[in-house]
Amino acid sequence: MTSYEPLEQSFYEQPTLELAPRLLGCLLVHETPQGITSGYIVETEAYRGALDRAAHSFNNRRTKRTEIMFHEPGHIYTYTMHRQVLLNVVSAAAGTPEAVLIRALEPKDGIPLMETRRPDRKPRELTNGPGKLCQAMGIEQIAHYGGNFTKPPLYITSGYTPEQVETGPRIGIPNAQEAKDFPWRYWVHGNRYVSK
DNA sequence: TCTGCGATTCGCT
DNA sequence: GCGAATCGCAGAC
């Protein structure tokens, strides 16, 4: 178990709807004093500020919480929901508030450490949901908000190329009217760690 | 293994 | 106050 070489800034400079599927198979890595944890990204969702009623930044709403989405792509956007932390990759050019939610991982390094952070869980229950993977990886909202995925301690590196990617409506946004049907959820076909 | 429902914190209005 | 990009548990099959 060693360090990896983070993907460069240029990787994030592609349209959100292209970045979201291209993140699949990439490796999310977190280096902490306790050790390294990592996992392959197997499920993502795109959120596109201006036109997307399901996004926090809908209608370009700029607040303390959504501020980071207006910055350059590659920044870290964390958000809390019912005591859970959710991890997002800021996408699109500065001034365009878009992001990709990381929904599920397939654990690679540091599985024993993940198990200490989420005791008494089956292997598959470690990272098969957006709040769960943050727990397993030790990701905290305050500490990581506004950071950058291009450098340690929390970064993304290349992994593998998925054989088949599937697309469908996003999860958990029933009040988003027309936006709830946008097929902006992407996952690796047949992967056991996909949340649904 | 899958589905449905209730808990409960924080940021925004 | 309100409502949410969720989780975990209970109960069915």
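In what follows, every heavy atom counts, from backbone to side chain, and hydrogens, waters and symmetry copies are set aside. Within every chain, numbering begins at 1; the chains are lettered A, B, ... in the order of the sequence lines, protein sequences first and strands thereafter.
With no hydrogens or angles considered, a side-chain donor-acceptor pair links A/Tyr47 and A/Glu45 at under 3.5 Å. Between A/Arg124 and A/Tyr193, the side chains place no donor N or O within less than 3.5 Å of an acceptor N or O (distance only, hydrogens not considered). Counting only N and O atoms by type, the side chains of A/Arg103 and A/Ser195 include a donor and acceptor under 3.5 Å apart.
Look at CD on A/Glu98: it is 15 Å from C1' on C/dA5, rounded to the nearest Å. Distance CG (A/Leu87) to P (C/dC7): 13 Å, rounded to an integer number of Å. One interatomic measurement links the two molecules: OH of A/Tyr145 to P of C/dA5, which rounds to 16 Å at whole-angstrom precision. A/Tyr186 has its OH atom 15 Å from the C1' atom of C/dA5, to the nearest Å. Straight-line distance from the CD atom of A/Gln84 to the P atom of C/dA5: 14 Å, rounded to whole Å. Spacing between atom CG of A/Leu133 and atom P of C/dG8 amounts to 12 Å, rounded to whole angstrom units. In this entry the distance linking CD of A/Glu43 with C1' of C/dA5 reads 12 Å, nearest Å. Rounded to whole angstrom, the span from the NZ atom of A/Lys132 across to the C1' atom of C/dA5 amounts to 15 Å.
Residue-to-nucleotide proximity on DNA chain C shows that, of A/Met69 and A/Gln135, the 5′-proximal contact is made by A/Met69.
At a threshold of 4.0 angstrom between heavy atoms, the contacts of A/Arg185 with the nucleic acid are absent. Among the heavy atoms of the strands, none lies under 4.0 Å from A/Arg170. As judged by a 4.0 angstrom heavy-atom cut-off over every strand, A/Ile173 is placed among residues touching the sugar-phosphate backbone only.
In secondary-structure terms, DNA chain C builds stems of at least 3 consecutive Watson-Crick or G-U pairs, each pair having both distances under 3.5 Å, at B:1-7 with C:6-12, B:9-12 with C:1-4.
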Between the protein and nucleotides 2-4 of chain B, list the N/O to N/O atom pairs that are separated by less than 3.5 angstrom.
none

Report all interatomic pairs (protein N or O, nucleotide N or O of nucleotides 9-13 of chain B) with separations under 3.5 Å.
unit_1: B/dT9; atom_1: OP1; unit_2: A/Arg83; atom_2: NH2; d: 3.4
unit_1: B/dC12; atom_1: OP1; unit_2: A/Thr63; atom_2: OG1; d: 2.8
unit_1: B/dC12; atom_1: OP1; unit_2: A/Arg65; atom_2: N; d: 3.0
unit_1: B/dC12; atom_1: O3'; unit_2: A/Arg61; atom_2: NH1; d: 3.3
unit_1: B/dT13; atom_1: OP1; unit_2: A/Arg61; atom_2: NH1; d: 3.2

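Counting only heavy atoms from C-beta outward, the side chains of A/Val42 and A/Asn128 never approach each other to under 4.5 Å. Between A/Thr80 and A/Leu86, every side-chain heavy-atom pair lies at or beyond the 4.5 Å cut-off.
Applying the 4.0 Å criterion to OP1 and OP2 of C/dA4, one finds that A/Arg53 has every side-chain N and O outside that range.
Counting only residues at least two apart or in different chains, side-chain hydrogen bond (donor to acceptor under 3.5 Å, both in side chains) contacts with residues 150-160 of chain A comprise A/Glu31-A/Tyr155, A/Asn148-A/Thr150. Applying the ring pair (Phe, Tyr, Trp, His ring centres under 6.0 Å) test to pairs two or more places apart or on separate chains, those with a residue in residues 171-192 of chain A are A/Phe182-A/Trp184.
Aromatic ring pairs are classed by plane angle as parallel below 30°, tilted from 30° to 60° and perpendicular above 60°; the pair A/His71 and A/His75 is perpendicular.
Ion pairing of A/Lys132 with A/Glu125 is present here, as a side-chain N (NZ or NE/NH1/NH2) and a carboxylate O approach within less than 4.0 Å.
Shown here for A/Thr127 and A/Glu106, the closest heavy-atom pair between the two residues is OG1-N, 4.3 Å.
With sequence neighbours excluded, no residue forms a side chain to side chain donor-acceptor pair (under 3.5 Å) with A/Arg192.
Rounding to the nearest 0.5 Å gives a distance of 5.5 Å between CG of A/Leu27 and OH of A/Tyr40.
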